[in-house]
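Written out below as structure tokens is the structure these notes cover.
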Amino acid sequence: MKKLQFLFAAMMLLASVDVKADDTINSSLNLNNPDVRKCLLEATKTEGWKVSSVYTDAEDKIVYVFKKDNETKIYKSK
């Protein structure tokens, strides 16, 4: 009976833990298109974001990292 109570308590503890995924990654853009990249750069510049880095990841997808104050936004191509 104690093992069952312990299991129930462990499940309740796991259910109550708030895990937040990294929702700053936007991967719905086709960054291979130069017009999309240009619009992204113009839009983020008008909102005060600065390009922190641009690179290709291990899957050869383009990744843009923007920073503003203490926030970070990451855009990854499809």
Would you please test Leu31 and Tyr64 for side-chain contact (heavy atoms from CB on, under 4.5 Å) and show each step? CA-CA 9 Å; Leu31 295 177; Tyr64 276 83; 3.8 Å; yes
Pairs where residues 33-56 contributes a residue and the test side chain to side chain donor-acceptor pair (under 3.5 Å) is met, not counting sequence neighbours: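 Residue pairs with at least one partner in residues 33-56: there are none.
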Tell me, yes or no, whether the heavy-atom count around Lys67 atom NZ, taken from other residues, nucleotides or ligands under 6.0 Å, exceeds 12.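 At most 12 heavy atoms, drawn from other residues, nucleotides or ligands, come within 6.0 Å of this atom.
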Side chain to side chain contact (heavy atoms under 4.5 Å, CB included) partners for Glu59, two or more places apart: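 Glu59 satisfies side chain to side chain contact (heavy atoms under 4.5 Å, CB included) with Asp57, Lys61, Lys76 only.
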Output the distance between atom OH (Tyr75) and atom CG (Leu40), rounded to the nearest 0.5 Å.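 Tyr75 OH to Leu40 CG: 6.0 Å, rounded to 0.5 Å.
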Distance from Ser77 atom OG to Asn30 atom CG, nearest 0.5 Å?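 Reported to 0.5 Å precision, the distance equals 7.5 Å.
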Is any side-chain heavy atom of Val65 closer than 4.5 Å to one of Val54?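 No, every pair of side-chain atoms sits at 4.5 Å or beyond.
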